Amino acid sequence: RPQVPVSSPSWPAPSSSRVTCNRRQISDACKPQVDQEKVKSSKWVSVGGDDGNDETEPNLEVQEILESKAAPVLSKSGYFTVPPLRDLRTMSEERLSQVQGFEVHREGFGSIVWEESVDLRHVNLDEIVQIDRNYVSVYEARPDSSSASNSGAPAVGTGLNCPAVVTLVNVKPKQQRAMGEPTQEEREKFTRKIEKATRRCGAKLLGYSAPKGEWRMWVPNWTGATD
């Protein structure tokens with residue numbers, strides 16, 4: 001039987017075993033399997049092996065995924081938000097424009113809980129929100145600041161100018177803080193003072209607990225308008 005020579009197929013030369021990735025475009029095969037919503041403020045780490053064997057563990061350098069430029073700003077000590085800032089920083093502008101269940105807290109002082117969805121795009125919470133002892137403000141103009149954030153509040157129903165529940169803690173008569181428990185008469189007098197202060201600021205009193213020193217009120221908006 002005649003022998004028919006069989007030629008070997010011509011294969012392209014293998015590429016280098018070292019894997020490199022373009023900084024703008026990384027194949028899915030190179031990416032770690034992680035939740036994209038949780039890594040936008042973090043950095044990819046090198047996955048190269050300790051033994052320097054690039055064939056089995058390619059060394060990847062990936063650019064840091066930028067945080068949303070529209071994310072709110074909050075750096076004041078003792079303050080925190082719900083949802084957390086780290087989650088807000090990963091949201092798109094569309095999601096930031098309608099954030100449900102937004103809250104700002106200051107440890108040991110109190111909190112503001114908005115009832116409706118709020119627009120947090122480009123909001124500087126450091127300048128807009130203030131929670132102090134027996135005091136809370138949103139969009140209050142400060143004469144010592146030239147920031148645009150203090151030049152006036154947005155229209156009612158936009159930004160943070162929406163209905164909210166305010167809770168202030170450690171609101172107690174001076175006698176209780178300095179000399180122990182106040183008398184029943186002092187408590188009643190202070191409760192009336194709380195009620196008067198609530199009405200004066202255009203809010204509705206939800207309750208005051210003298211033993212806890214917790215003052216809760218409902219605020220229709222932050223520009224003095226009432227329903």
Side-chain angles (χ1 to χ4, degrees), residues 72-88 96-120 123-142 149-150 152-227:
V73 174
L74 180 61
S75 60
K76 292 190 291 189
S77 177
Y79 284 77
F80 65 92
T81 66
V82 177
L85 275 177
R86 64 176 179 273
D87 293 343
L88 295 172
L96 285 171
S97 68
Q98 298 182 13
V99 178
Q100 292 278 359
F102 183 62
E103 306 175 12
V104 176
H105 296 253
R106 185 182 181 189
E107 297 177 358
F109 291 84
S111 63
I112 307 174
V113 179
W114 278 266
E115 293 184 331
E116 304 172 358
S117 62
V118 293
D119 186 350
L120 296 179
V123 171
N124 190 330
L125 296 170
D126 284 336
E127 298 181 348
I128 292 174
V129 177
Q130 185 176 357
I131 305 174
D132 287 325
R133 185 70 62 210
N134 303 352
Y135 176 83
V136 62
S137 70
V138 178
Y139 293 118
E140 181 182 27
R142 296 199 302 270
S149 298
N150 294 290
V156 174
T158 61
L160 296 179
N161 198 7
C162 300
V165 173
V166 173
T167 301
L168 296 174
V169 299
N170 295 320
V171 181
K172 300 178 181 180
K174 293 181 180 179
Q175 292 85 345
Q176 184 169 349
R177 294 187 222 148
M179 299 181 299
E181 291 295 324
T183 64
Q184 182 62 30
E185 182 181 355
E186 289 171 337
R187 286 186 176 182
E188 292 176 356
K189 182 179 179 180
F190 189 73
T191 300
R192 290 194 297 270
K193 184 178 179 181
I194 291 290
E195 293 172 349
K196 183 178 179 180
T198 304
R199 290 193 301 269
R200 188 169 60 246
C201 67
K204 177 181 178 182
L205 182 66
L206 298 180
Y208 172 69
S209 172
K212 294 181 179 179
E214 183 179 90
W215 178 10
R216 297 181 68 249
M217 70 188 95
W218 179 78
V219 179
N221 57 68
W222 298 94
T223 51
T226 58
D227 292 342

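Quantities reported herein were computed from a predicted structural model and do not represent experimental measurements.
Of all non-hydrogen atoms in G101 and P83, the two that sit nearest each other are O-CD, 4.3 Å. Smallest separation of non-hydrogen atoms from R133 and G108: NH1-O, 3.0 Å. In this structure, V156 and T223 approach most closely via the heavy-atom pair CG2-OG1, 3.6 Å. Between A203 and V219 the shortest heavy-atom distance is CB-CG2, 4.1 Å. The two residues G159 and P154 have their closest heavy-atom pair at CA-CG, 4.4 Å. Nearest heavy-atom pair, V104 versus Y79, reported as atom, atom and distance to 0.1 Å: CG1-CD2, 4.0 Å.
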Next on the checklist: Determine whether L74 and D126 satisfy the following criterion, side chain to side chain contact (heavy atoms under 4.5 Å, CB included), listing intermediate values before the conclusion.
Outcome noted: CA-CA 5 Å; L74 180 61; D126 284 336; 3.4 Å; yes

Next on the checklist: Pair E188, R192 - check side chain to side chain contact (heavy atoms under 4.5 Å, CB included), show working.
Outcome noted: CA-CA 6 Å; E188 292 176 356; R192 290 194 297 270; 4.0 Å; yes

Next on the checklist: Applying side chain to side chain contact (heavy atoms under 4.5 Å, CB included) to I131 and L168, what does each step give before you reach the verdict?
Outcome noted: CA-CA 8 Å; I131 305 174; L168 296 174; 4.2 Å; yes

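To the nearest 0.5 angstrom, L206 atom CG is 8.5 Å from M217 atom CE. For the atom pair K172 NZ and K212 NZ, the distance stands at 11.0 Å (nearest 0.5 Å). For the atom pair CG of L88 and OG1 of T81, the computed distance is 5.0 Å after rounding to the nearest 0.5 Å. For the atom pair CZ of R187 and CD of E185, the computed distance is 13.0 Å after rounding to the nearest 0.5 Å. Atom CZ of residue F109 and atom CG of residue N134 lie 10.0 Å apart, to the nearest 0.5 angstrom. Taken from CD1 in I112 to CG in L125, the straight-line distance is 9.5 Å, to the nearest 0.5 Å.
Using modelled atom types, one side-chain atom of Y139 and one backbone atom of L160 make a donor-acceptor pair closer than 3.5 Å. Looking at Y208, its side chain never comes within 3.5 Å of a backbone N or O of F190 through a donor-acceptor pair. Formation of a donor-acceptor pair under 3.5 Å by the K76 side chain with backbone atoms of Q130 is not found in this model.
No more than 12 heavy atoms of other residues, nucleotides or ligands shown are found within 6.0 angstrom of CD on Q98.
The aromatic rings of W222 and W114 are tilted relative to each other, their planes meeting at an angle between 30° and 60°.
By the salt bridge (Lys or Arg N to Asp or Glu O under 4.0 Å) test, R106 pairs with D132, sequence neighbours left out.
Counting heavy atoms from C-beta outward, P163 and E116 have side chains that approach closer than 4.5 Å.
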